[in-house]
Amino acid sequence: MKKLLGISVSRRPWGNCETSIKTMLLSAAGEGAGTDFIRLTDLRIEACRGCFKCLTNDMVCPVEDDLYALLEAVGSADALVLAGPVYFLMPPAALVALLDRMLTMKGRERPVEKARPAVTLAIMGNRNWRGVARPVINMTVSLLGFDVVESIELVAEGPGEVIMDDRVVGRLDEVGRLLARGEPVSQAERSAACPICASDFFRIEPPNIVCPICGSVGDLEVYTGEGRFTVTGGESRWGLSWLDKHIESWIEPSLARYRDKRKQVLSRLRELKSRFSAEQ
Ligand SMILES: Cc1cc2nc3c(=O)[nH]c(=O)nc-3n(C[C@H](O)[C@H](O)[C@H](O)COP(=O)(O)O)c2cc1C
């Protein structure tokens with residue numbers, strides 16, 4: 001039996017995120033799946049301290065909060081649905097706090113069997129104000145060890161208003177059932193968006209178009225002519241295997257480089273600190 005976990009990044013009980021997730025969970029339960037629901041803001045997920053202890057010492061983050069309890073729940077799920085609202089063009093701070101802590105995924109046991117599917121939702125009041133929430137939500141979910149098989153954007157303003165849209169509710173119901181049955185969830189058409197992270201904002205670097213979130217490189221001419229992002233090169237910053245590679249090839253060597261000059265850095269800092277205190 002499949003276990004479907006729903007995570008809402010909104011603090012509003014029965015707001016649009018929660019209502020959408022619970023619609024999917026109910027449909028999944030109707031197919032015999034086990035379901036679990038977490039409101040991210042009910043947990044205490046503190047800011048990353050930038051100490052890199054999760055990559056050294058015991059490979060454990062020294063912050064004592066609910067991060068590892070959340071990762072346990074995420075680790076035991078067969079599929080994930082995660083919904084977050086757009087707040088001032090961004091995902092809410094609670095999601096970014098979680099993303100900031102993802103270096104700890106390096107030291108953790110991962111499900112080795114086939115990729116686990118996730119469906120994400122970015123919910124907003126106004127499509128023209130959708131900002132950059134969707135790809136950031138998707139990146140977080142990819143670093144939690146899931147394959148984002150569908151990334152849905154919904155417009156719903158007032159709390160719970162999403163329930164009034166029969167077409168959307170029908171799709172959520174369908175997605176919940178498909179995930180419960182372990183059947184493929186077909187990707188909605190999103191040709192103008194980055195095919196890896198679903199971002200629809202880009203950096204123009206002629207002759208390329210570059211996705212600033214996942215780093216995918218596309219063909220600018222195809223994009224301007226056909227409105228399609230076709231990946232032509234570059235290494236996409238995506239998922240746990242990329243995280244491992246990034247840590248091994250960049251972060252760990254940078255920590256070693258810092259260790260070599262730590263004494264000089266501390267000595268100059270001491271001098272600056274004493275000048276600073278003298279001025280106060
Ligand atoms: C503080 C705040 C900031 C918001 N900023 C945006 C925004 O930048 N763009 C947008 O389209 N909607 C914005 N919204 C609207 C929410 O994204 C929208 O109401 C969403 O459905 C909320 O989901 P919820 O009911 O699950 O909390 C904002 C709402 C709040 C409370």
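In listed order, ligands and their atoms are each counted from 1.
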Legend entry - Residue list, side-chain hydrogen bond (donor to acceptor under 3.5 Å, both in side chains) with Lys245, at least two apart or on another chain: Glu235
Legend entry - All side-chain hydrogen bond (donor to acceptor under 3.5 Å, both in side chains) counterparts of Thr120, not counting sequence neighbours: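 Testing Thr120 for side-chain hydrogen bond (donor to acceptor under 3.5 Å, both in side chains), a comparison that skips the adjacent residues, returns Asn138.
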Inset, instruction - Evaluate the side-chain proximity of Leu178 to Glu150: yes if any heavy-atom separation is below 4.5 Å, no if none is. - result: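 Result no, sub-4.5 Å side-chain heavy-atom pair not found.
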Using a 3.5 Å cut-off and no angle test, enumerate the donor-acceptor pairs between side-chain atoms of residues 258-274 and protein atoms at least two apart in sequence or in another chain.
from	atom 1	to	atom 2	distance (Å)
Ser274	OG	Glu271	O	3.1

Legend entry - In one Ile/Leu/Val/Met/Phe/Trp/Tyr side-chain cluster, 4.5 Å: Phe52, Met102: yes
Legend entry - Chi angles and distances behind the salt bridge (charged side-chain N to carboxylate O under 4.0 Å, His left out) call for Glu153, Arg127: CA-CA 9 Å; Glu153 272 184 336; Arg127 223 189 117 66; 2.7 Å; yes
Quick one: table the atom pairs, ligand 1 N or O against protein N or O, below 3.5 Å, distance rounded to 0.1 Å.
from	atom 1	to	atom 2	distance (Å)
ligand 1	5 (N)	Val86	O	3.4
ligand 1	5 (N)	Phe88	N	2.9
ligand 1	8 (O)	Phe88	N	3.1
ligand 1	8 (O)	Leu89	N	2.8
ligand 1	9 (N)	Trp129	O	2.8
ligand 1	11 (O)	Gly125	N	3.1
ligand 1	11 (O)	Asn126	N	3.0
ligand 1	11 (O)	Asn126	O	3.0
ligand 1	11 (O)	Trp129	O	3.4
ligand 1	12 (N)	Gly125	N	3.0
ligand 1	14 (N)	Val86	O	3.2
ligand 1	17 (O)	Val86	N	3.4
ligand 1	17 (O)	Val86	O	2.8
ligand 1	17 (O)	Ile123	O	3.3
ligand 1	19 (O)	Glu157	O	2.8
ligand 1	21 (O)	Asn16	ND2	2.8
ligand 1	21 (O)	Ala156	O	2.7
ligand 1	25 (O)	Arg12	NH1	2.8
ligand 1	25 (O)	Asn16	N	2.8
ligand 1	26 (O)	Ser10	OG	3.3
ligand 1	26 (O)	Asn16	N	3.1
ligand 1	26 (O)	Cys17	N	2.8
ligand 1	27 (O)	Ser10	OG	2.6

